[in-house]
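What you are looking at is a predicted structure, and each value in this text was computed from that prediction instead of being measured.
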Amino acid sequence: MKINPLLCLLPCWLLLCLLSTPVLAAPPRAELLPGADSRDWLLVIEADGERQSNELVIAPLLRQFAVGKVTMSRVTTPVHSLTRWQIPLHTLDTSPEVVPSLSLGQEQTPALPLPLRRQAGTLVAQPSQAISPIELQARVLHQGPLYPGQPFIYQLSLWLPANMEAPNLTEPASDAFTIRRLGEDQWQAPAGSGLPGRLTRNWLLQAREPGLHPLVSPRFQGRLPQDNGTSDPLSARADTLFVKIDLAPQQPVASQLTLSQQLSPASGARVGEPVIRTLTLVMEGGDGNRLTLPKLTGPAALPAAMAARPDGEQQQERFLAKGVLRFERQWRQALTATAPGDYLLPAITLPWFNTRSGRIEYARLPATPLRIEAVTPTQEAFTGPNHESLYWVIWALLLRALWQGWPRWHAFYRLQRALRREDANHARATLLAWASLRWPRRHAHRTAHLTDLPCRHAPALATGLAALDRACFATQASPSDRQPPWQGLAGPLCAYEPFAIAYGLMQLARLGQ
């Protein structure tokens, strides 16, 4: 039997054709939203991927409608990207009742019929299609299989009139997921006056168990003002999504998982001294609440003659800018040995399922050697600090305090010496000099008056300060056969300095006379 050589090349030719055929993407989507006037519309066109502005040919619209400013935007997520055009349209008397199909690269957008509208601006529902001034679109931003605990993003987009009153949006509803709000809302302003804008809100979801679970969309409620001064209540909800959660071959699941440890001190520990062991586990793209480490205490986890006790545990969770949920947990334990020697902490192995590669992998910590040294007799005999060294520390602290306060205390000593003389002007000057150091904020210079002293109202000082003031500014001097009253200020002024230091300076000034 003779075989045609062309038939042998047929499988290769078919394979080559399949490889050269591009991956089919979703066709372009078009949506027609009503504007404020009965002739105003907003044409929204979306296409997957990053498209160029010149790929969309709007020449058919220019011939049949009054076209406003065309805006183009791109929406990019870690798993999806699309390009969106917003085209304001104003119908003319000669405009058709159908928005024509437009060329978008090698594809065509669908043709859209213009819904009927009343004069007041409200839409008249056609038998085949009910038009609403608000539109909701829900989708899951994830590619590939999903497993219990694996986080993914649920995104809801709403097209809303800018004049919507009392807007309210509920939360997604499902008992099969853990649902959390993610980030701030994103608002895209309308392309023109009276046209709807776009509100985008994201949630972070994690499935509790495998299966096909319904996810009910949030409900939007609000009131739309009318031309006659009233407002109509509006309520809408996106379609319910059914999310399939597969059974993971191994828990936990994550896109990345690392395990590390740290010992403090790493070396030089002695018998009876604790060695703090910190284990850190970092997970990305998984549920940290499902993490369990092998038992860290007990005969199988620790060598003989070594005990361990828990020393705390902490965890934190945050959402990274690259769209990944990062979870970090730390375990701390205190290790103590009852005998010196070389110990070997057993290795730790944690199996986990890698959602990127679809395989079971292992996070490992190798066996860690730990040396415990014996306590020397000198260290055992040490019971406390040496008394002689303690005395030197106390004297050093006292000398430091005397040195720091010496300018003020020297001024107080000079004041005590001046109060024992009969020179009132000199006593007043030294008193003000000391006060400028004792109350620096109130006596920044030495030209203050005795009436400005904070202690002037003290009963033990009021009479003496008044006598000193009169002695300095009186026209007739006091008799010299009796002691001036202001000399009695020496003792009461000691109350405004540390008593031991002030009393010693007063006695030193008395001995120096």
Shortest non-hydrogen pair, Leu136 vs Pro218, comes out as CD2-O, 4.0 Å
For the residue pair Leu56 and Ile45, establish whether any side-chain heavy-atom pair is separated by less than 4.5 Å.
yes
Tell me, with the steps shown, if Trp41 and Ile87 meet side-chain contact (heavy atoms from CB on, under 4.5 Å).
CA-CA 8 Å; Trp41 301 89; Ile87 308 173; over 6 Å; no
Side chain Ser101, main chain Ala111, donor-acceptor under 3.5 Å:
no
Looking at Ser217, is its backbone amide N or carbonyl O close enough to the side chain of Arg237 to form a donor-acceptor pair, meaning the two atoms are under 3.5 Å apart?
yes
Sub-4.5 Å side-chain heavy-atom contact between Leu199 and Trp159:
no
Does atom CG (Asp239) have a neighbourhood of more than 12 heavy atoms from anything else shown, all under 6.0 Å?
no
Note, Glu171 side chain near Arg181 side chain (heavy atom, < 4.5 Å):
yes
Just checking, is any N or O donor in the side chain of Trp331 or Gln314 under 3.5 Å from an acceptor N or O on the other one?
no
When rounded to the nearest 0.5 angstrom, what is the spacing between CE in Met283 and CD in Gln315?
11.5 Å
To check you understand the geometry: which heavy-atom pair defines the closest contact between Phe65 and Pro100, and what is its length?
CE1-CD, 4.0 Å
CG on Leu212 to CZ on Phe242, rounded to 0.5 Å
6.5 Å
Under the ring-ring contact (aromatic ring centres under 6.0 Å, His included) criterion, do Phe177 and His213 qualify, and how do the steps go?
CA-CA 9 Å; Phe177 298 93; His213 305 294; 5.8 Å; yes
What is the distance from atom CG of Asp232 to atom CD of Gln226, rounded to the nearest 0.5 Å?
4.0 Å
side-chain contact (heavy atoms from CB on, under 4.5 Å) between Thr178 and Arg208, worked out
CA-CA 7 Å; Thr178 301; Arg208 294 190 174 97; 3.6 Å; yes
Hey, mind stepping through Arg180 and Glu317 against salt bridge (charged side-chain N to carboxylate O under 4.0 Å, His left out) and telling me if it holds?
CA-CA 13 Å; Arg180 290 176 289 177; Glu317 190 177 41; 2.9 Å; yes
Salt bridge Arg29-Glu107, side-chain N to carboxylate O under 4.0 Å:
no
Do the side chains of Leu241 and Val140 get nearer than 4.5 Å, heavy atoms only?
yes
Output yes when a side-chain donor or acceptor of Arg223 lies under 3.5 Å from a complementary backbone atom of Ser231, and no otherwise.
yes
Using atom types as modelled and distance alone, determine if a side-chain donor or acceptor of Thr109 lies under 3.5 Å from a backbone N or O of Leu102.
yes
Answer yes or no: is there a donor N or O on one side and an acceptor on the other, between the side chain of Thr170 and the main chain of Arg219, under 3.5 Å?
yes
Distance col, row Glu284:CD vs Ser255:OG, nearest 0.5 angstrom, shows 5.5 Å
In this structure, CD1 of Ile276 is separated from CG of Leu335 (nearest 0.5 Å) by 8.0 Å
Could Arg51 and Glu46 be called an ion pair, given the rule that one side-chain N must be under 4.0 Å from one carboxylate O?
no
Heavy-atom pair of closest approach, residues Pro369 and Leu344
N-CD1, 3.8 Å
Mark yes or no for whether Gln150, through its side chain, and Tyr147, through its backbone, hold a donor-acceptor pair below 3.5 Å.
yes
Looking at every heavy atom in both Leu61 and Leu89, which two are closest together, and how far apart are they?
CD1-CD2, 4.3 Å
Verdict with reasoning, Glu165 to Asn163, per side-chain contact (heavy atoms from CB on, under 4.5 Å)
CA-CA 6 Å; Glu165 296 179 351; Asn163 59 343; over 6 Å; no
With distance as the sole test, does Gln261 use its side chain to make a donor-acceptor pair with the main-chain N or O of Leu279 at under 3.5 Å?
no
Tell me, with the steps shown, if Thr71 and Trp85 meet side-chain contact (heavy atoms from CB on, under 4.5 Å).
CA-CA 6 Å; Thr71 60; Trp85 287 268; over 6 Å; no
Tell me if the CG atom of Asn54 is crowded by more than 12 foreign heavy atoms within 6.0 Å.
yes
Leu32 vs Val99 side-chain heavy atoms within contact, under 4.5 Å:
yes
Can you name the closest pair of heavy atoms from Arg277 and Pro346 and give their distance?
NH2-O, 4.2 Å
Could you measure the distance from the CG atom of Leu104 to the CD atom of Gln52? Nearest 0.5 Å is fine.
11.5 Å
Might you point out which heavy atoms bring Pro303 and Tyr343 nearest each other, and give the distance in Å?
CG-CD2, 3.8 Å
Are Leu169 and Leu158 packed together at the side-chain level, in the sense that at least one heavy-atom pair is separated by less than 4.5 angstrom?
yes
If you look only at pairs with a residue in residues 328-339, which of them pass as a salt bridge (charged side-chain N to carboxylate O under 4.0 Å, His left out), with sequence neighbours excluded?
Asp311-Arg332, Glu313-Arg329
Answer whether the closest heavy-atom distance between the side chains of Arg84 and Gln188 falls below 4.5 Å.
yes
Under 3.5 Å, side chain of Ser103 to main-chain N/O of Gln108, donor-acceptor pair present?
no
Whether the side chain of Thr83 engages the backbone of Gly49 through a donor-acceptor N/O pair (distance < 3.5 Å, no angle test) should be reported.
yes
Taking the side chain as everything from C-beta on, heavy atoms only, tell me whether Leu114 gets closer than 4.5 Å to Thr91.
yes
